[in-house]
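First the proteins, then the strands, lettered A, B, ... as listed; each starts at 1.
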Amino acid sequence: SQQGEEDPQALSIQEGENATMNCSYKTSINNLQWYRQNSGRGLVHLILIRSNEREKHSGRLRVTLDTSKKSSSLLITASRAADTASYFCATSVSDTGRRALTFGSGTRLQVQP
Amino acid sequence: EAQVTQNPRYLITVTGKKLTVTCSQNMNHEYMSWYRQDPGLGLRQIYYSMNVEVTDKGDVPEGYKVSRKEKRNFPLILESPSPNQTSLYFCASSPLPRGQPQHFGDGTRLSIL
């Protein structure tokens with residue numbers, strides 16, 4: 001099963017509103033990353049938060065991490081139509097395996113102009 | 001410009017006809033990976049490589065082969081493609097240590113008839 005699970009699966013909002021997406025995971029992590037995917041394109045890295053960090057900001061993005069609840073949230077403030085995309089969380093786990101990242105199934109965000 | 005380049009971008013072929021999807025990165029990254037993306041399943045890792053001549057299976061390696069003879073190239077080989085390998089494929093790379101943000105190619109959409 002997926003290490004990271006996003007919620008909701010789909011989200012539709014009006015331009016100017018805030019969008020919040022959540023990610024839950026199952027095992028201890030080194031870091032958690034958020035990626036964006038425009039339709040039919042590759043994923044683009046947005047932000048990385050380490051396991052010892054609780055909050056991080058990048059422009060209109062705010063990411064929180066709660067390791068006790070094994071969850072993270074991505075907040076996009078003052079959304080724009082250009083933010084329409086799918087958003088994925090990915091976890092780097094604290095095990096001895098060599099796999100680097102495990103991705104969730106994503107949240108599809110639609111921002112209506 | 002830092003990039004991961006995949007070719008071809010689109011391919012329609014028939015069952016059993018061997019094909020290769022090429023992937024090349026110009027960032028001198030040690031880590032490279034192949035994923036497939038299917039609706040509702042997110043990204044699943046096929047194979048990854050930590051460095052030249054070092055490859056390992058991901059979550060869904062059956063029916064695929066890879067090689068890493070040079071640091072910049074990581075081709076994905078389907079020796080005898082089947083319809084269940086119809087999917088959107090992504091190559092990605094990152095520096096070590098593992099768990100760093102990954103750079104993705106723009107994807108290859110394969111249709112196996």
To the nearest 0.5 angstrom, please state how far the [atom1] atom of [X] sits from the [atom2] atom of [Y].
X       : Y      : atom1 : atom2 : value
L101(A) : Y31(B) : CG    : OH    : 7.0 Å
S105(A) : Q37(B) : OG    : CD    : 10.0 Å
F103(A) : Y35(B) : CZ    : OH    : 4.5 Å

[Y] reachable from [X] in the ILVMFWY side-chain graph, under 4.5 Å edges:
X       : Y      : answer
L109(A) : V63(A) : yes
V60(B)  : W34(B) : yes
L88(B)  : F88(A) : yes

So does [X] have more than 12 non-hydrogen atoms from other groups sitting under 6.0 Å from [atom1]?
X      : atom1 : value
R60(A) : CZ    : yes
R80(A) : CZ    : no
I12(B) : CD1   : no

Which residue out of G105(B), P101(B), A92(B), S94(B) racks up the most heavy-atom pairs below 4.5 Å with chain A?
P101(B)
Between H45(A) and Q102(B), which heavy-atom pair has the shortest distance, and what is it?
CB-O, 4.3 Å
Non-hydrogen atoms of F90(B) and Q37(A) that approach each other most closely:
CZ-NE2, 3.3 Å
Proximity breakdown for L43(A) and chain B, heavy-atom pairs closer than 4.5 Å
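The answer is both parts of L43(A).
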Would you check if the side chain of Q9(A) reaches a backbone N or O of G40(B) as a donor-acceptor pair within less than 3.5 Å?
no
